[in-house]
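Take a look at the structure below.
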Amino acid sequence: MRLFLDTANIEHIRHGVRLGVISGVTTNPTIVSREGKVDYQKLVQEICSIVPGPVSTEVLSQDVAGMITEAREIARWAENIVVKIPASLDGVEATSVLAKENIKVNFTLCFSLNQAILGAAAGATFVSPFVGRLDDVGEDGIRVVADIVEYLEYYQLPTQVIAASIRHPQHCLAAAKVGAHIATVPYNVLLQMIQHPLTDTGIKRFLDDWKRTQQT
Ligand code: E4P
């Protein structure tokens, strides 16, 4: 499973890329708003120049014509741009048009297999089931990821699943186990993934033992 960072924070993205484990970034209007009042295009272009892979940027329009116009404009910002289109009926139509123009679409705000079926049929490059938000309303977010992965594999469709709305390392683990192609993780989850108390005590014990032998 590949890892994307779910942030627009430049320092966090630089760190993730430096670690060599981050191959893409996803943003949304909420994520960008956390960076304060910024020049949206400039920020996205900077992210695109740092990240060695797809950078998802969301449209704000909700109607077909508006989404298509915005997406065409966003797609010009950088080579590795992916346009996020919401899983609405207008979003399906916009995705179909954009996919035919070879504009990569991340079919976002996806909460069901039926929505993913339509996104894939429309030609979306990625579909993003929102695991945490499904769990929040008492549904099983990972079950939805698993169903979408199984569906795409059964029909050998090229659309890739990005497990999104990841809240903790357990979500990441579960997404990997059900075969999600990608998990987009917040920076704090990326840092938590490497943590294990036995690693810390193990390192300390090795160093203590080594120092003791040097003293005798
Ligand atoms: C990524 O593509 C999504 O926009 C993001 O993961 C949503 O996360 P949230 O549900 O924590 O806001």
Side-chain angles (χ1 to χ4, degrees), residues 1-6 21-28 48 51-59 61-65 67-68 70-72 74-135 137 139-166 171-185:
M1 184 175 75
R2 286 155 68 203
L3 291 172
F4 288 2
L5 260 188
D6 200 21
V21 296
I22 294 302
S23 55
V25 158
T26 50
T27 69
N28 62 36
C48 287
V51 180
V55 174
S56 291
T57 306
E58 195 146 345
V59 296
S61 304
Q62 297 307 316
D63 62 298
V64 180
M67 283 191 235
I68 291 172
E70 236 187 285
R72 283 178 181 149
I74 290 171
R76 277 194 284 268
W77 291 355
E79 288 219 327
N80 49 344
I81 282 274
V82 174
V83 183
K84 269 179 147 184
I85 302 282
S88 61
L89 205 55
D90 280 32
V92 172
E93 191 173 333
T95 299
S96 298
V97 172
L98 296 166
K100 285 189 190 76
E101 295 175 13
N102 293 321
I103 291 176
K104 291 197 170 120
V105 171
N106 176 348
F107 200 61
T108 189
L109 286 165
C110 182
F111 295 98
S112 71
L113 174 56
N114 270 328
Q115 289 176 318
I117 289 172
L118 292 174
T125 302
F126 303 104
V127 290
S128 290
F130 276 30
V131 178
R133 291 195 201 184
L134 278 163
D135 289 0
V137 296
E139 290 190 44
D140 185 347
I142 287 297
R143 185 69 254 158
V144 174
V145 174
D147 287 347
I148 298 172
V149 168
E150 196 181 337
Y151 166 77
L152 294 171
E153 272 173 12
Y154 185 82
Y155 289 101
Q156 299 187 342
L157 298 172
T159 305
Q160 294 188 35
V161 177
I162 304 179
S165 189
I166 296 285
H171 272 157
C172 202
L173 199 66
K177 283 184 178 172
V178 298
H181 304 91
I182 298 147
T184 187
V185 298

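Residue numbers start at 1 and run along the sequence shown.
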Completion exercise
Of all heavy-atom pairs linking Ile142 and His171, the shortest is CD1-O, 3.8 Å

Handout entry: Val83 vs Ile81 side-chain heavy atoms within contact, under 4.5 Å
Key = yes

Handout entry: Minimum-distance pair of heavy atoms, taken over all atoms of Leu3 and Cys172
Key = CD2-SG, 4.1 Å

Practice task
State, to 0.1 Å, how close Ser165 and Arg133 come at their nearest heavy-atom pair, and which atoms those are.
Solution key: OG-N, 3.2 Å

Handout entry: Distance-only polar pair, side chains of Ser56 and Thr26, donor-acceptor under 3.5 Å
Key = no

Exercise for the section: Mind listing the closest non-hydrogen atom pair of Leu98 and Arg72 along with its distance? Expected result: CD2-CG, 4.3 Å

Practice task
Count the heavy atoms belonging to other residues, nucleotides or ligands that lie under 6.0 Å from CD of Glu79, then report whether that count exceeds 12.
Solution key: no

Exercise for the section: Using atom types as modelled and distance alone, determine if a side-chain donor or acceptor of Lys84 lies under 3.5 Å from a backbone N or O of Thr27. Expected result: yes

Handout entry: Among Val185, Ile182, Val25, Ile22, side chain to side chain contact (heavy atoms under 4.5 Å, CB included) partner for Phe4
Key = Ile182

Exercise for the section: Output the distance between atom CG (Leu89) and atom CG (Asp63), rounded to the nearest 0.5 Å. Expected result: 12.5 Å

Problem - Heavy-atom side-chain proximity of Leu109 to Glu58 below 4.5 angstrom - result: yes

Per-pair distances, 0.1 Å, donor-acceptor, side chain in residues 114-132, under 3.5 Å, sequence neighbours excluded:
| unit_1 | atom_1 | unit_2 | atom_2 | d |
| --- | --- | --- | --- | --- |
| Gln115 | OE1 | Phe111 | N | 2.6 |
| Gln115 | OE1 | Ser112 | N | 3.2 |
| Gln115 | NE2 | Ala87 | O | 3.4 |
| Ser128 | OG | Asn106 | OD1 | 2.7 |
| Ser128 | OG | Asn106 | ND2 | 3.4 |

Problem - Side-chain donor or acceptor of His181 paired with backbone N/O of Val161 under 3.5 Å - result: yes

Completion exercise
To the nearest 0.5 Å, atom CD of Glu70 lies from atom OG of Ser61 at 3.5 Å

Problem - Side chain Asp135, main chain Gly141, donor-acceptor under 3.5 Å - result: yes

Exercise for the section: State, with a plain yes or no, whether a side-chain heavy atom of Val59 is found less than 4.5 Å away from one of Ile85. Expected result: yes

Exercise for the section: Mark yes or no for whether Asn80, through its side chain, and Pro52, through its backbone, hold a donor-acceptor pair below 3.5 Å. Expected result: no

Practice task
Check whether more than 12 heavy atoms from other residues, nucleotides or ligands sit under 6.0 Å from atom CD of Glu93, and answer yes or no.
Solution key: no

Problem - Taking every non-hydrogen atom, the tightest pair across Ala163 and Val145 - result: CB-CG2, 4.4 Å

Practice task
Could you grab the distance from atom CD1 of Ile148 to atom CD of Gln160, nearest 0.5 Å is fine?
Solution key: 13.5 Å

Exercise for the section: Can you see which heavy atom on Pro54 is nearest to which on Ser23, and at what distance? Expected result: CD-O, 3.4 Å

Practice task
Quick one: pull up CD1 in Ile74 and CZ in Arg76 and give me the separation to the nearest 0.5 Å.
Solution key: 10.5 Å

Problem - side-chain contact (heavy atoms from CB on, under 4.5 Å) assessment of Val97 paired with Glu101 - result: CA-CA 7 Å; Val97 172; Glu101 295 175 13; 3.7 Å; yes

